[in-house]
Amino acid sequence: MKVIVVGNGGREHAIAWKLSQSSSVEEVICVPGNGGTAFEHKCRNVSFSDCPYLCGANGNEAYVKIALENKCSLAVIGPENPLAEGLADAFWDAGIPAVGAKHDAAQLEASKNRAKEFMHTHGVACAKSRTFTSKDEALAYIHEQGAPIVIKADGLAAGKGVVVAKTEQEAANAIEELMSGSLAGDAGKKLVIEEYLRGTEISILAAVCVTPELAGQGKACIVPFVSARDHKRLCDGAKGPNTGGMGAVAPVSDVTDEITAQFKSTVLEPTLKGLIAENYDYRGFIFFGLMLTKDGPKCLEYNVRLGDPETQAVLPLMDCDFAALCTSIADGTLHSFNLNWKNGFVVAPVAVSGGYPRSYKKGCGISIDEKRMQESGAKLFIAGAMENRRHNSGGEKLVTSGGRVLACSAHGDTFDDAWQKAYRAMDCIQFDAMFYRKDIGLPGAAESS
């Protein structure tokens, strides 16, 4: 079969790579893809500009036309924006099974307020919160509650919509910046203000297969993956500004069997019951952002897709056919799918462009020592880099095109083995002003509060 993968980040490169390993997959059509998928086995990048048959179509219509033109029989949607805009609905309407939350379910990520309403209604363990559209009322609330406190833009804000304020003044400044639109645009016109939870953060990705029909048959399910941890701060020791992710590890050694059982009973199972109660059609993935508190795991947020860079750490551990997993999600047989995992660990540090997460230069050639990279045993997942059209005349194959450029993902029987492999691989790469953390997964590297 042919599969269309929507997106152009490191997550989508990992998804395309894992799909390409399946004997059932003939070709992966990456729209638009990136410099990694451009050279990945069985993968082909397609951009809207490559397709004269689109005749000016864009958005959902364009993705569907590309899938039909290329005879794709399955779609996997990576990023949150297309999901929130109903791309999964459009694929299904065109007769193409899609792995991705439909529009209504996607609002669990597109609206922080909707997510909190859902959590409170269905008894999901989470932080207490209130929602505001009035700046004066929001300011009064933080003065009443005190600090530290968490301010969140309601809408999708590309990682710029959450402020953990340590003082009331920081909280007031965040409210002003968010509601004025200067920090997150229209996403900040409505705010969710949450209590500050103390603990350490982890991520649990999962496959979801919920429809009213499956619920009636007792076959609706959420199947969790191994635990992972993202490192969002820019610098070693969890210091510096928040980013989209400086690296990930999986599994997380401090996630005990007791914590896993608590997560299932207080977060996963209530979420599943809520999806069923609200008659959602949700066939895709979900990301549980969790805080491990003294009172057990608490849900910080839902993402209605796989996390980035957690996917680059989790998928290399998956010891089964990923295309078959995606098919089971789409056709309603996830409840009987045998999901297996390799032993050991994966460490995946991320290299970023100098200046990230603020301004940074693009178009820098990326030099990779291919021989040493292969010897390291690591897999390179590309995010913010594109194919250099002039590489056949002697230039590098890839040039930087974004802030988070790539991840070196390495599997090892022990954490130390995986860590050493990942950082040996990172030493094989060079580009102008390249920067990366040296402590991904080490003690003291995880964000805690």
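Here the structure is a predicted model, which means the values were calculated and not measured. In this chain, numbering begins with 1 at the start of the sequence shown.
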**Request:** Flag the pair Gln145 / Glu195 as yes when at least one side-chain heavy-atom distance between them is below 4.5 Å, and no otherwise.
**Result:** no
Could you give the side-chain donor-acceptor pairs of residues 277-294 under 3.5 Å, partners two or more places apart or in another chain?
from   : atom 1 : to     : atom 2 : distance (Å)
Glu278 : OE1    : Arg114 : NH2    : 2.4
Glu278 : OE2    : Arg114 : NH2    : 3.4
Glu278 : OE2    : His122 : NE2    : 2.7
Tyr280 : OH     : Arg114 : NH2    : 3.0
Asp281 : OD1    : Arg283 : NE     : 2.9
Asp281 : OD1    : Arg283 : NH2    : 3.1
Asp281 : OD2    : Lys102 : NZ     : 3.1
Asp281 : OD2    : Arg283 : NH2    : 2.8
Tyr282 : OH     : Phe285 : O      : 2.6
Arg283 : NH1    : Ala330 : O      : 3.4
Thr293 : OG1    : Asp295 : N      : 3.1
Thr293 : OG1    : Gly296 : N      : 3.4
Thr293 : OG1    : Gly296 : O      : 2.7

**Approximate separation, where rounding is to 0.5 Å, of Cys326 SG and Leu334 CG** = 10.5 Å
**Atom CD of Glu144 with >12 non-hydrogen neighbours under 6.0 angstrom** = yes
**Request:** To the nearest 0.5 angstrom, please state how far the OG1 atom of Thr327 sits from the CG atom of Leu74.
**Result:** 5.0 Å
**Phe345 versus Asp413, closest heavy-atom pair with distance** = CD1-O, 4.2 Å
**Message:** Could you walk me through whether Tyr356 and Val350 satisfy the side-chain contact (heavy atoms from CB on, under 4.5 Å) test, starting with their C-alpha distance in whole Å, then the side-chain angles of each, then the deciding distance to 0.1 Å, before giving a yes or no?
**Reply:** CA-CA 12 Å; Tyr356 176 81; Val350 169; over 6 Å; no
**Asked** Taking the side chain as C-beta and beyond, is there a heavy-atom pair between Cys320 and Asn338 under 4.5 Å?
**Response** no
**Complete:** Shortest non-hydrogen pair, Gly402 vs Val405, comes out as O-CG2, 3.6 Å
**Test item: Asn242 and Pro357 side chains (from C-beta on) under 4.5 Å apart, heavy atoms** = no
**Prompt:** Would a distance-only check, ignoring hydrogens and angles, find a side-chain to backbone donor-acceptor pair under 3.5 Å from Glu61 to Ala57?
**Reply:** no
**Test log, rule side chain to side chain donor-acceptor pair (under 3.5 Å), inputs Asp136 and Ser134** = CA-CA 5 Å; Asp136 290 341; Ser134 163; 5.2 Å; no
**Prompt:** Crowded around Asn340 CG? As in, over 12 foreign heavy atoms under 6.0 Å?
**Reply:** yes
**Message:** Evaluate Asp308 against Thr311 for side chain to side chain donor-acceptor pair (under 3.5 Å), listing each step before the verdict.
**Reply:** CA-CA 6 Å; Asp308 190 339; Thr311 300; over 6 Å; no
**Request:** Grab the two heavy atoms, one from Ser227 and one from Ala250, that are nearest each other, plus how far apart they are.
**Result:** O-CB, 3.4 Å
**Request:** Show the numbers, then the answer: is there a side-chain contact (heavy atoms from CB on, under 4.5 Å) between Phe91 and Ile77?
**Result:** CA-CA 10 Å; Phe91 277 129; Ile77 305 165; 4.0 Å; yes
**Fill in**
Tested for salt bridge (Lys or Arg N to Asp or Glu O under 4.0 Å) against Glu194, the lone hit among Lys116, Lys128, Lys112 is Lys116
**Prompt:** Are side-chain heavy atoms of Val223 and Phe337 found at a separation under 4.5 Å?
**Reply:** no
Got a list of side-chain donor-acceptor pairs under 3.5 Å for residues 18-36, not counting sequence neighbours?
from  : atom 1 : to     : atom 2 : distance (Å)
Lys18 : NZ     : Leu315 : O      : 3.3
Lys18 : NZ     : Met318 : O      : 2.8
Ser20 : OG     : Trp17  : O      : 2.7
Ser22 : OG     : Ser24  : N      : 3.2
Ser22 : OG     : Ser24  : OG     : 2.8
Ser22 : OG     : Asp321 : OD1    : 3.1
Ser22 : OG     : Asp321 : OD2    : 2.9
Glu27 : OE2    : Arg44  : NE     : 2.8
Asn34 : OD1    : Gly36  : N      : 2.7
Asn34 : OD1    : Thr37  : N      : 3.1
Asn34 : ND2    : Asn8   : O      : 3.2
Asn34 : ND2    : Gly9   : O      : 3.2
Asn34 : ND2    : Ile382 : O      : 2.9

**Arg437 (side chain) donor-acceptor with Gly247 (main chain) under 3.5 angstrom** = no
**Request:** Could you tell me whether the side chain of His335 reaches within less than 4.5 Å of the side chain of Gln217, counting heavy atoms only?
**Result:** no
**Prompt:** Rounded to the nearest 0.5 Å, how far does CG of Leu83 lie from CD of Gln107?
**Reply:** 10.0 Å
**Request:** Please say whether more than 12 non-hydrogen atoms of neighbouring residues, nucleotides or ligands are located less than 6.0 Å from CG in Asp254.
**Result:** yes
**Message:** For Phe132, give me all partners under ring-ring contact (aromatic ring centres under 6.0 Å, His included), at least two apart in sequence or on another chain.
**Reply:** Tyr141
**Asked** Looking at side-chain heavy atoms only, is the closest gap between Thr243 and Val352 below 4.5 Å?
**Response** no
**Fill in**
When every non-hydrogen atom of Leu54 is compared with those of Ala62, the smallest separation belongs to CD2-O, 3.7 Å
**Complete:** Rounded to the nearest 0.5 Å, the CG atom of Asn45 sits from the CD atom of Glu40 at a distance of 10.5 Å
**Ser129 vs His120, side-chain contact (heavy atoms from CB on, under 4.5 Å): CA-CA, chis, key distance, verdict** = CA-CA 9 Å; Ser129 68; His120 291 313; 3.6 Å; yes
**Request:** Kindly determine whether Cys126 and Leu300 satisfy side-chain contact (heavy atoms from CB on, under 4.5 Å), including the steps that lead there.
**Result:** CA-CA 6 Å; Cys126 63; Leu300 297 173; over 6 Å; no
**Request:** Could you tell me whether the side chain of Asp154 and the main chain of Leu191 form a donor-acceptor pair under 3.5 Å?
**Result:** no
**Flag side-chain contact, heavy atom, 4.5 Å: Leu339 against Phe225** = yes
**Message:** With heavy-atom distances below 4.5 Å as the criterion, would you say the side chains of Cys299 and Met119 are in contact?
**Reply:** yes
**Asked** Which heavy atom in His411 sits nearest to a heavy atom in Leu317, and how many Å separate them?
**Response** CD2-CD2, 3.5 Å
**Message:** Could you check whether Asn113 and Ser111, counting side-chain N and O atoms only, form a donor-acceptor pair closer than 3.5 Å?
**Reply:** no
**Distance-only donor-acceptor check, side chains Thr260 and Asp257, under 3.5 Å** = no
**Message:** Please check: side-chain N/O of Asn70 versus main-chain N/O of Ile66, any donor-acceptor pairing under 3.5 Å?
**Reply:** yes
**Asked** Taking atom CZ of Arg305 and atom CG of Leu205, what is their separation to the nearest 0.5 Å?
**Response** 9.5 Å
**Asked** Is Lys264 atom NZ crowded by more than 12 heavy atoms from other residues, nucleotides or ligands, each under 6.0 Å away?
**Response** no
**Complete:** On a heavy-atom basis, the closest approach of Cys209 and Leu214 is SG-CD1, 3.4 Å
**Prompt:** Hey, is Glu269 close enough to Lys273 for a salt bridge, meaning N to O under 4.0 Å?
**Reply:** no
**Message:** A quick test of your reading: do over 12 heavy atoms of other residues, nucleotides or ligands sit less than 6.0 Å from NZ of Lys135?
**Reply:** no
**Message:** Using a strict threshold of under 4.0 Å (side-chain N to carboxylate O), is an ion pair present between Lys232 and Glu201?
**Reply:** no
**Request:** Verify the neighbour count for atom NZ of Lys342: are there more than 12 heavy atoms of other residues, nucleotides or ligands below 6.0 Å?
**Result:** yes
**Complete:** Distance col, row Thr333:OG1 vs Leu325:CG, nearest 0.5 angstrom, shows 9.5 Å
**Asked** Hey, does the side chain of His231 reach the backbone of Gly441 with a donor-acceptor pair shorter than 3.5 angstrom?
**Response** yes
